[in-house]
A.B. asks: 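What follows is a single structure, and I will ask about it in a moment.
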4 protein chains.
Amino acid sequence: MCSRTSPRTSRTGRPRSTEADAAILEATRAALVELGWSKLTMGDVATRAGVAKTTLYRRWANKSELVVDAVAVLFDELELPDLGSLRADIEHVVLQFAALLERPETKTALMAVVAESTRDEPLRERIRCSIVDRQKRLVLDGRRRAQLRGELPVDRDPVTVEATDGLIFDVIAGAVVHRALVSAEPVDADWVGRLSALLVGGLGAVAAAP
Amino acid sequence: MCSRTSPRTSRTGRPRSTEADAAILEATRAALVELGWSKLTMGDVATRAGVAKTTLYRRWANKSELVVDAVAVLFDELELPDLGSLRADIEHVVLQFAALLERPETKTALMAVVAESTRDEPLRERIRCSIVDRQKRLVLDGRRRAQLRGELPVDRDPVTVEATDGLIFDVIAGAVVHRALVSAEPVDADWVGRLSALLVGGLGAVAAAP
Amino acid sequence: MCSRTSPRTSRTGRPRSTEADAAILEATRAALVELGWSKLTMGDVATRAGVAKTTLYRRWANKSELVVDAVAVLFDELELPDLGSLRADIEHVVLQFAALLERPETKTALMAVVAESTRDEPLRERIRCSIVDRQKRLVLDGRRRAQLRGELPVDRDPVTVEATDGLIFDVIAGAVVHRALVSAEPVDADWVGRLSALLVGGLGAVAAAP
Amino acid sequence: MCSRTSPRTSRTGRPRSTEADAAILEATRAALVELGWSKLTMGDVATRAGVAKTTLYRRWANKSELVVDAVAVLFDELELPDLGSLRADIEHVVLQFAALLERPETKTALMAVVAESTRDEPLRERIRCSIVDRQKRLVLDGRRRAQLRGELPVDRDPVTVEATDGLIFDVIAGAVVHRALVSAEPVDADWVGRLSALLVGGLGAVAAAP
DNA sequence: GCCTAACCGAGACGGTACGTCAGGTCTTACA
DNA sequence: TGTAAGACCTGACGTACCGTCTCGGTTAGGC
């Protein structure tokens with residue numbers, strides 16, 4: 001799963017233009033900013049990229065897959081520098097993620113492709129590989145680091161570990177997304193502080209009495 | 001805000017058919033189940049409801065607003081019976097909400113209208129009134145009940161209260177939505193138990209050391 | 001065959017715009033003049049007519065049928081005034097037909113739709129009704145008139161009559177079309193005179209010795 | 001005009017494959033039979049011929065010119081054996097030409113390229129050289145033979161001769177084409193007999209009284 | 001018991017975007 | 001230089017929905 005090996009194995013014929021690839025993804029992000037998801041059209045993206053519509057369809061089956069790829073790269077910016085404590089790490093990553101969600105291209109695109117993916121298994125897979133997994137590793141790193149610091153106990157059961165990692169991921173990402181897009185209220189320092197306190201407290205309590 | 005007074009004040013002429021209203025909303029839900037959000041069309045809904053397209057547009061400005069109204073009523077099913085403890089209450093509401101999100105009509109529609117609302121203020125308002133506020137009251141009730149039981153301290157500062165209520169709401173709703181739709185993994189008893197433990201522990205810790 | 005009763009029997013709904021019909025046919029002729037058959041596009045015709053493309057496709061299944069209808073009306077201009085002799089009548093109708101074929105819209109369209117009709121039975125039928133039959137009556141009238149004048153004998157056998165009418169029609173129309181479009185040489189008075197002489201002579205000889 | 005010298009004079013580099021030429025023309029005829037003119041595509045012809053599209057375009061400027069060349073060779077089959085009388089000769093050539101026009105590849109292609117040629121001078125020239133002139137010589141031969149037999153007088157005026165030859169050609173070819181493709185009725189022995197009688201009678205009458 | 005305003009169905013209307021297809025060109029690697 | 005393969009741009013295709021409009025006809029009040 002999440003195979004990175006491109007399906008292109010043909011050795012003959014004119015090779016695909018890598019410049020076109022880049023131009024298309026860039027144009028897609030620009031169109032998302034200007035028009036939003038629902039008014040973005042394949043034809044417009046093609047025009048912006050200085051490329052024919054067929055060149056888009058040769059690479060992506062539909063608008064959703066194109067947008068996932070266009071947005072995915074933005075999630076590479078997320079980083080987790082060691083700030084000395086679990087709570088500081090959490091606050092930092094939440095703020096980073098919130099900043100990403102404030103960008104117009106992600107704000108309008110993320111929920112749209114998730115909505116689309118509820119009826120499109122290949123798209124769901126693509127989202128998992130391109131977006132979800134890139135975020136999940138941050139939780140992993142943060143947890144390991146907190147264990148090294150002694151802030152969290154070292155759990156030997158891999159099932160429990162994975163379940164807790166997944167839970168924390170869904171709670172953090174879900175809360176930020178819900179706050180930003182559904183409740184439509186700002187993810188500010190105060191809110192982030194409360195969330196971090198809740199999580200650190202909760203993790204501590206759970207660790208103390210499983 | 002959230003005015004329930006319909007803009008229709010005309011007292012003369014033939015009144016609108018309430019049967020048509022019901023048939024349209026029912027047809028919309030059926031179409032969502034069969035086709036999903038992106039393949040649902042106004043014309044198809046009209047046909048299913050045995051109604052002319054004009055009759056739809058006389059009542060709703062566009063597809064998004066129609067779908068919000070069609071789905072909103074489902075959120076009335078959410079209830080919060082007193083199960084004797086904060087943790088039991090949380091587990092119950094999470095499971096209820098997850099069951100709601102498993103229904104194909106909500107699964108495909110909810111994220112779609114949220115995505116649409118990022119660029120449509122009136123729609124955002126309609127979602128808040130029809131869907132978000134209906135859920136938020138459950139958090140309010142649950143918190144009050146836990147305070148009566150003595151599980152949570154009684155906070156006198158209304159600002160803190162509202163902030164915490166909002167946080168808990170975003171955490172619960174966000175986590176469930178993210179688990180169900182983004183991570184695309186089941187919201188089962190195990191996961192719900194872990195989430196409830198985390199929240200109860202976190203609330204306790206935060207209450208102990210603000 | 002050649003039913004003139006329109007297939008539209010629906011009594012409900014908005015009736016079709018007759019102005020649109022006229023504007024489309026007019027625009028089609030204009031486009032034929034400017035662009036010729038192969039560069040004429042449905043979209044361009046729609047734009048010229050100030051009409052949506054769907055409005056064209058609601059009336060005509062394809063470019064060929066549209067062009068047949070647009071050009072057919074021009075064949076109504078053909079007339080057969082009594083010029084006193086069979087030969088004069090023939091010369092007149094040939095010149096008229098040649099003038100029609102010189103018009104850029106017919107020149108470019110006629111052979112094209114005939115070519116298309118070799119693989120399209122409904123189109124062939126449409127051409128027969130809209131174009132061929134309108135020309136054939138001229139032969140009928142001319143023959144009757146010549147018989148009244150005593151220039152041709154009155155044949156009692158309807159089979160022979162119809163066969164000869166058909167032959168004369170194919171010879172006249174075919175010769176003019178071939179001269180004008182295939183040989184690409186002018187249909188001038190000299191050529192018309194020779195053709196008429198050949199035909200009158202031939203008809204006389206055939207009548208004398210069946 | 002009608003130069004047969006190919007424009008290729010380069011003597012260096014890899015020479016063009018003559019097998020490819022033959023395969024392409026054969027594939028074009030096959031495609032005409034199966035698909036007809038308007039659905040024949042250059043890409044499909046290339047595939048059938050086992051050749052790249054570039055190879056087609058290196059030899060022919062466009063679809064029309066390719067089809068003219070593919071069909072032209074079929075007109076070489078037309079012959080004019082001496083059957084002993086002008087009328088028999090005419091009947092024979094008409095039946096031959098009719099048989100040629102019945103073949104699906106010519107039926108669909110001939111009128112199409114003629115239609116195309118009304119707006120394309122080079123194509124018109126190519127049709128004249130490759131198709132029209134090959135047929136015209138049959139009229140010449142038939143006339144000379146009839147003069148030798150004494151069926152037709154020997155006209156000394158070359159202008160009159162050429163005009164009459166051209167007329168007869170347009171009448172015969174035009175009548176057959178019109179009968180077969182426009183009237184869409186069979187060119188059978190009865191019809192051919194009537195046409196021949198008309199022509200022989202007409203030529204006789206014209207010769208008797210110029 | 002009629003008037004009349006607003007409703008209703010049907011379906012045509014001008015648009016916009018779709019995803020596909022063909023035409024004709026260009027770019028590879030190879031012969 | 002010719003060739004097969006296949007990507008490229010251009011532009012038209014015919015379809016699907018959008019949201020609006022125009023019909024003929026219906027249905028409740030209010031008079």
Side-chain angles (χ1 to χ4, degrees), chain A residues 8 10-17 19-20 38-44 46-47 50-63, chain B residues 8 10-17 19-20 38-47 49-63, chain C residues 8 10-17 19-20 38-44 46-47 49-63, chain D residues 8 10-17 20 38-47 49-63:
Chain A
R8 304 269 319 112
S10 165
R11 207 135 321 266
T12 70
R14 178 172 170 177
R16 292 209 177 142
S17 160
E19 296 168 28
S38 62
K39 290 187 180 164
L40 176 148
T41 70
M42 298 296 266
D44 180 60
T47 305
V51 142
K53 244 196 314 176
T54 37
T55 301
L56 265 74
Y57 284 108
R58 209 172 285 122
R59 291 159 162 78
W60 293 277
N62 51 54
K63 178 166 142 174
Chain B
R8 302 269 318 116
S10 161
R11 213 141 309 273
T12 71
R14 176 175 171 180
R16 291 206 180 143
S17 160
E19 296 168 27
S38 62
K39 290 188 181 164
L40 175 148
T41 72
M42 297 298 265
D44 181 60
V45 169
T47 304
V51 142
K53 253 200 304 176
T54 22
T55 302
L56 265 74
Y57 283 107
R58 214 171 280 121
R59 290 158 164 81
W60 293 276
N62 50 52
K63 176 167 145 177
Chain C
R8 303 272 318 112
S10 165
R11 208 136 317 267
T12 67
R14 179 172 171 178
R16 291 208 179 145
S17 160
E19 296 169 29
S38 61
K39 290 187 182 167
L40 177 148
T41 70
M42 298 296 266
D44 181 59
T47 305
V51 141
K53 239 192 323 172
T54 38
T55 301
L56 264 75
Y57 284 108
R58 210 172 282 123
R59 291 159 163 77
W60 292 278
N62 51 53
K63 178 166 143 176
Chain D
R8 303 268 314 117
S10 161
R11 215 143 304 276
T12 71
R14 178 170 167 180
R16 288 198 183 152
S17 159
S38 61
K39 292 189 181 164
L40 175 149
T41 70
M42 297 297 265
D44 181 58
V45 169
T47 305
V51 143
K53 256 202 298 180
T54 20
T55 303
L56 265 73
Y57 283 106
R58 214 171 282 124
R59 292 159 163 80
W60 293 276
N62 51 51
K63 174 167 147 176

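None of the values given here were measured: they were computed from a predicted structure. Naming convention: chains lettered A, B, ... in sequence-line order (proteins, then strands); numbering from 1 in each chain.
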A.B. asks: Which atom names give the shortest non-hydrogen contact between D:Ala52 and D:Ala46, and what distance separates them?
C.D. replies: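 Result for this residue pair: C-CB, 4.1 Å.
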
A.B. asks: Check whether any side-chain nitrogen or oxygen of B:Arg16 sits under 4.0 Å from OP1 or OP2 of E:dC7, and answer yes or no.
C.D. replies: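 Checking E:dC7 against B:Arg16, a side-chain N or O does come within under 4.0 Å of OP1 or OP2.
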
A.B. asks: What distance do D:Thr47 atom OG1 and D:Lys53 atom NZ have between them, rounded to the nearest 0.5 Å?
C.D. replies: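 Those atoms lie 9.0 Å apart.
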
A.B. asks: Starting at atom CD of A:Glu19, determine the distance to atom C1' of E:dT27, rounded to an integer number of angstrom.
C.D. replies: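 In whole Å, E:dT27 C1' and A:Glu19 CD are 13 Å from each other.
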
A.B. asks: Nearest-nucleotide wise, let me know which of A:Gly13 and A:Asp44 is further upstream toward the 5' end of DNA chain E.
C.D. replies: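 Upstream on the strand: A:Asp44.
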
A.B. asks: So which one's nearest nucleotide on DNA chain F is more toward 5', D:Gly50 or B:Pro15?
C.D. replies: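 Nearer the 5' end of the strand: D:Gly50.
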
A.B. asks: How long is the line joining CZ of A:Arg14 and P of E:dT28, in whole Å?
C.D. replies: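 About 7 Å, once rounded to whole Å.
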
A.B. asks: Whole-Å distance between E:dG15 C1' and A:Lys39 NZ?
C.D. replies: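 About 14 Å, once rounded to whole Å.
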
A.B. asks: Output all residues satisfying side-chain contact (heavy atoms from CB on, under 4.5 Å) with D:Ala49, sequence neighbours left out; order by chain, then residue number.
C.D. replies: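 Listed in chain order: D:Ala23, D:Ile24, D:Ala27, D:Val51.
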
A.B. asks: If you find the nucleotide of DNA chain E closest to D:Ala61 and the one closest to C:Ala49, which residue's nucleotide is nearer the 5' end?
C.D. replies: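 Looking at DNA chain E, the more 5' nearest nucleotide goes with C:Ala49.
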
A.B. asks: Mind listing the residues from residues 51-59 of chain A sitting with a heavy atom below 4.0 Å of DNA chain F? Number order is fine.
C.D. replies: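 Listed by number, they are A:Val51, A:Ala52, A:Thr54, A:Thr55, A:Arg58, A:Arg59.
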
A.B. asks: Rounded off to whole Å, could you give me the NZ-to-P distance for the B:Lys63 and F:dG19 pair?
C.D. replies: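 Those two atoms, NZ and P, are 9 Å apart.
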
A.B. asks: Whole angstrom is fine here: how far is it from CE in D:Met42 over to C1' in E:dG23?
C.D. replies: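 In whole Å, E:dG23 C1' lies 8 Å from D:Met42 CE.
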
A.B. asks: Tell me, please, which residues at least two apart from C:Ser17 pass side-chain contact (heavy atoms from CB on, under 4.5 Å).
C.D. replies: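 Expected list: C:Glu19, C:Ala20, C:Arg59.
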
A.B. asks: What distance do A:Asn62 atom CG and A:Tyr57 atom OH have between them, rounded to the nearest 0.5 Å?
C.D. replies: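 Taking CG in A:Asn62 and OH in A:Tyr57, the distance rounds to 8.5 Å.
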
A.B. asks: I need the D:Thr54 OG1 to D:Met42 CE distance, nearest 0.5 Å.
C.D. replies: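 With rounding to 0.5 Å, OG1 (D:Thr54) is 11.0 Å from CE (D:Met42).
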
A.B. asks: Can you tell me which nucleotide in E:dC18, E:dA6, F:dC8 comes closest to the side chain of A:Thr41?
C.D. replies: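 In terms of side-chain proximity for A:Thr41, the closest of E:dC18, E:dA6, F:dC8 is E:dC18.
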
